Amino acid sequence: MRVEGRETKIASDLLAFYDVHARRLPWRAPPGANAADPYRVWLSEVMLQQTTVAAVGPYFAKFTERWPTVGDLAASEDADLMAAWAGLGYYARARNLLACARAVVRDHGGVFPDTEEELRALPGVGAYTAAAVAAIAFGRRAVVVDANVERVVARLFAIDTPLPAARPDIRAAADRITPDARAGDFAQAMMDLGATICTPRNPACGICPLRADCAAVRTADPAAYPVKAEKKARPHRLGHGWWIERDAHVWLVRRPDKGLLGGMRALPSSDWSDAPDATPPLAARWTTIDAPVAHIFTHFSLALSVHHAHVGADVTPPGEGEWWPVARIGEAGLPTLFARAAEAVRKERDARD
DNA sequence: CATTCGTGGGT
DNA sequence: TACCCAAGAAT
């Protein structure tokens, strides 16, 4: 009988777990089916960047129904795609998604390249996504390292160097345990394990298929891995948003491609800072909603004061934009901050009427 | 290597 | 409540 090395045992234990307990997810090929569609794998991987499976679900269904192939997506209008992405966050992903689809059509004949190196050269495809698509869609051996894998590996080997300094060690360890065959299943199994058992807090070590292989479970506090550097406090900022209404239409602008909420439709707004410019963009009889919209971004929190006014046909609205029917504001594709500002305006009206 | 970039759910 | 965190990429 062959004696398995530790690394080989981890992979075989994990794949055995996956064969029985793999989550059924819309972008995964069902058991026994052919390999997953690279387009769907890529789309799901981009949507899942820093985003939960639960949040992605409805967006993935909507996108694949509306744009069944990468060619369909490449042919879409920018504004349509950005509006469809609204609410999912990290909007640079949507801009890169379209650029990537068009690059696949233009440079690869509408077929996704099947090597990690070529995938990595596409817009919005970094080290993680290139490895994941190469392994999951094309069966290549690739070392797939996301936050789940970092956590699982840090625990398996009790790596106590704080992140991000530990990344090279974690990657090397992940490389050692990645099998030559079924690298895609192995990667997805690591992510399933991290999402359901080897969770950030209160890991279910009692039912873990890698319990016998794990160094951290033999310590006082397995959840202490991976060690993380302290994060700095989140500053608070203020801002003003302007709801300009004329003949049942509201003035929406398009934000610059770069920066926060880049490329998205929005209400005209001030800068967001300690002391934002509160000067209205035009002269009108402004009403200010009592409670500002409180919103939390990754690196700061915001209190947005929302002001609204009706104007006549003689005024010039600020910036480049369009008059959008108020009754269809839900279809404008506003990011959540501005969707909530619009909702605040609607609520105040309902209360008044 | 550090910063910027959304949002919603879990604890 | 106030954090923490998520199938990261670009700069």
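Numbers restart at 1 for each chain; the letters A, B, ... are given by sequence-line order, proteins then strands. Values reported hereafter were calculated over all heavy atoms of this structure, with side chains retained and with hydrogens, waters and symmetry mates removed. No experiment lies behind these values; they were computed from the predicted model shown.
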Legend entry - Audit row: His108(A), Glu118(A), side-chain hydrogen bond (donor to acceptor under 3.5 Å, both in side chains) steps and yes/no: CA-CA 10 Å; His108(A) 300 278; Glu118(A) 290 174 290; 4.5 Å; no
Inset, instruction - Under 4.0 Å between any heavy atoms, over every strand shown, what does Trp85(A) touch: base, sugar-phosphate, or nothing? Just pick one. - result: nothing
Inset, instruction - Give a yes/no answer on whether the side chain of His299(A) brings an N or O atom under 4.0 Å of OP1 or OP2 in dT4(B). - result: no
Inset, instruction - Classify the nucleic acid contact of Val125(A) as base, sugar-phosphate or nothing, counting any heavy atom under 4.0 Å across all strands shown. - result: sugar-phosphate
Inset, instruction - Under 4.0 Å between any heavy atoms, over every strand shown, what does Thr51(A) touch: base, sugar-phosphate, or nothing? Just pick one. - result: base
Inset, instruction - Could you tell me whether the phosphate oxygens of dT7(B), OP1 or OP2, come under 4.0 Å of any side-chain nitrogen or oxygen in His295(A)? - result: yes
Legend entry - Cationic N near anionic O, under 4.0 Å, Asp175(A) to Arg171(A): no
Inset, instruction - Taking only heavy atoms on the protein side, list every residue of residues 253-271 of chain A lying under 4.0 Å from any atom of DNA chain B, sorted numerically. - result: Gly259(A), Leu260(A), Leu261(A)
Inset, instruction - Remember a base hit wins even if backbone is also touched, and classify Thr129(A) as base, sugar-phosphate or nothing at under 4.0 Å, heavy atoms. - result: sugar-phosphate
Inset, instruction - Pick base, sugar-phosphate or nothing for Arg23(A), based on heavy-atom distances below 4.0 Å to the nucleic acid. - result: base
Legend entry - Range on DNA chain C touched by chain A, heavy atoms, distance below 4.0 Å: dC4(C) to dA10(C)
Inset, instruction - To the nearest Å, give me how far apart OH (Tyr90(A)) and P (dT3(B)) are. - result: 14 Å
